[in-house]
Protein chains: 2
Amino acid sequence: MKQPNYTELFIPFLNQETIPRPRYRALFLYLQQAIIAGQLPANSRLPATRELAQLLQLSRNTVKQVYEMLHAEGYIETRQGDGSYVSPQLDGRCLQAEGSTAPRKKGTVRLSRKSRQLEQLRSLYHHNREELLLPAMPALEEFPWTQWQRSVVQAGRQMKFYRSSSLLGDAGLREQIAAYLESSRGIRCHPDQVMICSGSQQGLQLAFSMLLDPGDEVLVEDPGFPGIDGAISNAEGVKVSVTIDQQGFRTDLLHNHPQARLAFITPSRNYPMGYTLSLERRLQLLQWADDRECCIIEDDYDSEFRFDGPPISALQGLEGEHKVIYSGTFSRVLHPAIRLAYLVIPESLVEPFCRMRSIQDGGLSALPQMALADFMARGQFSSHLRRMRKLYRRRRDYLLQQIDLKFPGILAWEPSDGGMHCVFRLSELYDDQKIARIANQQGLGLRPLSYYFDQQQPINGLVIGFAGFSEQQIDQGLERLRTILESGQKKG
Amino acid sequence: MKQPNYTELFIPFLNQETIPRPRYRALFLYLQQAIIAGQLPANSRLPATRELAQLLQLSRNTVKQVYEMLHAEGYIETRQGDGSYVSPQLDGRCLQAEGSTAPRKKGTVRLSRKSRQLEQLRSLYHHNREELLLPAMPALEEFPWTQWQRSVVQAGRQMKFYRSSSLLGDAGLREQIAAYLESSRGIRCHPDQVMICSGSQQGLQLAFSMLLDPGDEVLVEDPGFPGIDGAISNAEGVKVSVTIDQQGFRTDLLHNHPQARLAFITPSRNYPMGYTLSLERRLQLLQWADDRECCIIEDDYDSEFRFDGPPISALQGLEGEHKVIYSGTFSRVLHPAIRLAYLVIPESLVEPFCRMRSIQDGGLSALPQMALADFMARGQFSSHLRRMRKLYRRRRDYLLQQIDLKFPGILAWEPSDGGMHCVFRLSELYDDQKIARIANQQGLGLRPLSYYFDQQQPINGLVIGFAGFSEQQIDQGLERLRTILESGQKKG
């Protein structure tokens with residue numbers, strides 16, 4: 001059998017500027033590749049270790065180790081007294097890898113229908129923290145890092161003693177959350193009904209996969225939170241938009257959707273309009289869930305920030321825990337990097353939810369959960385909330401004042417009592433999508449109000465975040481917006 | 001309209017041993033409940049704040065605050081100069097809540113077919129860390145807590161500057177993983193192909209939901225890892241078991257399954273047998289994936305621990321990254337509480353995987369990822385691996401020696417070069433399921449080998465973990481096992 005020309009074979013190896021470390025791994029990969037690509041065909045003899053070591057200026061031990069690895073993995077075999085040969089079993093089996101003349105075919109991978117459907121969804125905005133006036137952005141610079149660091153250090157220490165591995169999450173954190181929800185949100189739950197999730201997105205996705213069969217209808221608010229589309233699509237459910245008005249979700253339209261399995265709503269503050277679901281409609285909605293054996297997912301995304309009194313109680317507390325799944329998050333009230341959220345699950349659903357969770361991810365890392373539990377136990381969470389409520393109110397008032405001053409007749413506030421953003425109707429002289437597109441290009445994170453509408457006639461307007469921005473930043477952002485509006489961006 | 005008897009109405013409130021704090025919340029919930037349950041019907045007059053404060057011995061401001069809350073949430077209305085009344089809108093709308101005569105119906109919630117199917121799966125063992133000889137349990141007491149704590153503190157500090165929010169996970173950690181995989185596992189990937197997951201379970205579930213349509217076949221090893229059943233079922237795929245032998249997955253049987261979309265395999269060490277997939281079969285498998293446009297999921301769960309030489313290279317490195325999705329985890333090599341794992345995704349699939357990830361959970365908390373990145377960057381990860389490789393080898397050898405000594409003719413080792421557990425064939429005089437059941441009741445975590453078999457004729461045997469246990473604990477565990485075997489647990 002014709003022997004390969006070794007010197008030629010190793011030219012590319014020798015020509016490398018530096019050999020990547022560990023060197024034995026580099027040589028192993030090189031020889032492995034040469035064998036697979038057929039440059040060292042089956043039954044060809046490898047150079048003696050001493051010879052190769054000299055050629056490559058490596059130690060003989062390195063080369064020996066590589067030969068042992070090749071041997072252990074079946075690439076070469078040792079013939080008594082006659083050195084190493086490429087395994088005869090590899091004859092005709094070479095993959096058409098790089099370096100070979102016939103390029104290996106790079107067939108595409110067929111994705112599941114479900115994953116392909118996600119491509120069809122309306123594209124969501126990418127949250128860029130550098131953008132001014134971005135909605136849902138908390139005041140990052142106000143986060144109490146020193147206190148947080150104290151909790152992190154404590155959690156690191158406690159991790160050593162961590163024993164529980166409940167699918168619901170860290171028991172200490174669940175106790176803190178249950179206590180907080182009871183005193184601040186009027187929610188009635190046992191800590192064993194609280195499930196810690198990675199962002200509210202995970203909780204919503206989990207709830208949909210638990211409750212929806214393909215084709216099942218989900219009622220959502222219109223206008224509403226566009227991020228929900230993916231979770232519904234992933235469960236192969238069908239989104240059905242229901243109009244809202246200033247009393248919230250139009251429960252008088254429920255009878256139009258006898259097939260609905262589920263309603264996803266934001267009773268405390270509709271996203272984005274900020275309307276609160278009235279008591280009468282709350283009771284109607286609960287009655288509907290009872291009559292139709294449907295569930296309600298209550299997304300309570302920023303109800304902590306109500307400025308003119310204590311937060312409106314959650315729907316869950318009104319209900320007696322049977323049909324409402326409550327979803328809350330720390331990303332908006334604390335810091336996005338913490339990325340912890342939670343569901344409150346009706347008692348009868350806890351076990352099935354845990355079963356699904358064991359398959360979906362088996363639970364989360366203990367460290368951030370323990371840190372947050374400590375942070376809450378030391379009162380840092382509620383004290384931060386109180387501070388932010390005051391700060392955000394000041395910032396909101398400043399925004400409203402400046403809008404009045406700078407955009408009279410162009411932007412009109414749609415009143416809402418709290419939150420982290422304001423909604424403004426935009427004069428019909430302008431097109432909100434066009435204005436927002438230009439604004440985004442210029443580093444402004446404001447959103448066109450029409451983007452949140454699905455079936456209902458959209459309102460021309462702008463959604464402007466204030467929580468994460470100082471007065472100076474608000475000024476800066478509004479100044480840029482004024483320039484855009486003034487620079488002939490009118491319709492037609 | 002007849003007024004309720006206030007004194008009577010408030011007896012349960014007054015009879016509480018202590019009023020839960022905050023008191024205004026307790027009173028609010030009490031009145032809310034009384035209104036919903038119809039004890040305070042629509043249009044009935046509430047006591048004056050002064051009167052109620054006196055009755056309940058609360059400050060008048062507290063009562064006032066509660067009335068304001070009830071008013072804000074629509075429960076009561078104020079009539080000019082005439083005090084507060086339950087809202088007339090609530091007439092006839094009372095929910096049949098607790099305290100009412102007609103108990104509210106507690107209809108069951110209908111779960112999705114998918115979630116109901118999970119109930120049908122063979123039940124998995126619950127991992128109880130207190131159990132001796134539990135497989136897959138690392139040496140927790142050897143974990144370098146001081147070094148870890150250093151990384152945790154560092155991560156807490158760095159979090160302040162955290163900007164990225166890639167769906168793939170923390171960029172620093174992904175760089176560390178890519179470098180480690182290249183040098184230790186022969187994997188070729190860019191950090192942007194690494195996706196951080198919460199446990200390997202999340203990665204597997206994600207891959208299945210990306211690649212499987214309902215009814216699609218997934219080839220798995222028999223015997224194999226039972227934890228995979230749930231992820232396949234959740235994607236509504238169909239599991240197809242393929243026999244393994246000492247060369248691993250029987251690629252000669254591939255042609256029996258022309259409909260297969262995907263193969264899930266453990267090429268480095270079959271779970272639980274420990275067999276390594278031969279090079280010849282690796283090439284055949286890759287050829288199959290190319291020809292059929294199928295994907296391979298390579299689960300490399302404990303390949304770090306090979307005792308007689310460097311770890312066997314991963315299949316992924318052989319392939320050129322087009323069809324193999326590689327799954328690895330830190331739970332087994334470091335500590336279960338860290339709960340971080342990763343996928344290496346073919347370049348062409350990164351974008352679709354990220355899209356699905358944005359819907360499934362939107363990424364993980366930064367803190368543990370940053371801590372692990374620091375831990376790896378300081379060389380602590382590889383140094384811990386090296387130490388554990390030595391320790392586990394000693395423990396494995398000790399286990400084998402003691403088994404030989406204590407169970408001659410009863411337990412025969414099924415050789416495998418590494419890992420964290422050993423497999424023993426059990427004398428046919430005993431039934432492995434029965435022995436394991438009794439052992440589990442007595443605090444032993446050993447598993448019956450037959451449990452891992454699906455279609456193939458099971459081998460009667462025991463799977464015994466050694467990595468997490470000192471010689472003394474191994475002695476203790478084996479002593480208990482001996483008592484069980486001796487106490488007349490033979491068949492028949």
Side-chain angles (χ1 to χ4, degrees), chain A residues 22 25 69 72-74 89 93 95 97 105-107 109-113 115 118 145 149 152-153 156 159-160 162 183 198-199 201-202 205 210-213 230-231 234 278-280 283 286 290 293 295 309-310 312-313 320 322 337-339 352 355-356 359-362 364-368, chain B residues 22 25 69 72-74 89 93 97 105-107 109-113 115 118 145 149 152-153 156 159-160 162 183 198-199 201-202 205 210-213 230-231 234 278-280 283 286 290 293 295 309-310 312-313 320 322 337-339 349 352 355-356 359-362 364-368:
Chain A
R25 177 58 71 181
M69 285 166 70
E73 301 200 11
Q89 289 88 339
R93 296 216 179 282
L95 288 177
K105 98 175 168 198
K106 271 203 190 188
V109 170
R110 201 180 80 195
L111 295 175
S112 64
R113 190 186 60 200
S115 66
L118 298 183
W145 286 110
Q149 179 70 353
V152 167
V153 170
M159 233 179 116
K160 195 168 173 169
Y162 191 75
S183 74
S198 180
Q201 191 64 35
Q202 185 180 37
Q205 182 271 131
M210 288 304 295
L211 299 170
L212 291 184
D213 281 320
N234 193 36
S278 72
L279 178 60
E280 201 181 341
L283 295 171
L286 292 171
D290 256 4
E293 307 218 329
C295 267
I312 298 290
S313 306
H322 306 313
I338 290 178
R339 217 173 157 69
R355 205 179 291 124
M356 182 61 93
I359 278 150
Q360 291 206 348
D361 75 349
L364 299 173
S365 181
L367 187 62
Chain B
R25 176 60 70 179
M69 286 166 69
E73 301 199 13
Q89 289 88 339
R93 297 217 178 279
K105 100 174 164 198
K106 270 204 190 188
V109 169
R110 201 181 80 194
L111 295 176
S112 64
R113 191 186 60 199
S115 68
L118 298 183
W145 287 111
Q149 179 69 355
V152 167
V153 171
M159 232 178 117
K160 193 168 173 172
Y162 190 76
S183 74
S198 179
Q201 191 65 34
Q202 185 180 36
Q205 183 271 128
M210 287 305 294
L211 299 169
L212 291 183
D213 280 320
N234 193 37
S278 72
L279 178 60
E280 202 182 338
L283 295 172
L286 292 173
D290 256 3
E293 304 218 331
C295 267
I312 297 289
S313 306
H322 306 313
I338 290 179
R339 219 174 156 68
L349 298 184
R355 205 178 291 126
M356 181 63 91
I359 279 150
Q360 291 205 347
D361 73 351
L364 300 173
S365 180
L367 186 61

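Labels below follow one simple rule: chain letters A, B, ... track the order of the sequence lines, proteins then strands, and each chain is numbered from 1. What's counted below: heavy atoms across the whole structure, side chains too, no hydrogens, waters or symmetry copies.
- Of the listed residues (B:Ser278, B:Pro368, B:Gly199), the greatest number of heavy-atom pairs within a distance under 4.5 Å of chain A belongs to B:Pro368.
- When each of B:Ala366, B:Ser183, B:Gly74 is scored by its heavy-atom pairs under 4.5 Å with chain A, the top score falls to B:Ser183.
- For B:Ser313, the parts lying near chain A are the backbone and the side chain together; criterion is any non-hydrogen pair under 4.5 Å.
- Across A:Ser112, A:Cys295, A:Ser115, the residue that shares the most heavy-atom pairs under 4.5 angstrom with chain B is A:Ser112.
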B:Ile312 vs A:Glu73, test: side-chain contact (heavy atoms from CB on, under 4.5 Å). Steps then yes/no. CA-CA 6 Å; B:Ile312 297 289; A:Glu73 301 200 11; 3.8 Å; yes
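- What you find for A:Val152 and B:Gly156 is that their closest heavy atoms are CG1-CA, 4.1 Å.
- B:Met159 and A:Ile338 make their closest contact through CE-CG1, 3.8 Å (heavy atoms, listed as atom of the first residue, atom of the second, distance).
- Between the CD atom of B:Gln360 and the CG atom of A:Asp361 there is a distance of 9.5 Å, given to the nearest 0.5 Å.
- Legend: residues meeting salt bridge (charged side-chain N to carboxylate O under 4.0 Å, His left out) with A:Arg25, ordered by chain and number and at least two apart, are absent.
- Contact annotation for A:Met69: only side-chain heavy atoms (C-beta onward) come within less than 4.5 Å of a heavy atom of chain B.
- The shortest side-chain heavy-atom distance between B:Met356 and A:Asn234 falls under the 4.5 Å cut-off.
- Rounding to the nearest 0.5 Å places CG of B:Leu111 at 11.0 Å from CG of A:Leu212.
- Only the side chain of B:Pro352 has a heavy atom closer than 4.5 Å to any heavy atom of chain A.
- Considering only heavy atoms from C-beta on, A:Arg339 stays 4.5 Å or farther from B:Leu367 through its side chain.
- Remark: the backbone N or O of B:Gly362 is not paired with any side-chain donor or acceptor of A:Gln202 at under 3.5 angstrom.
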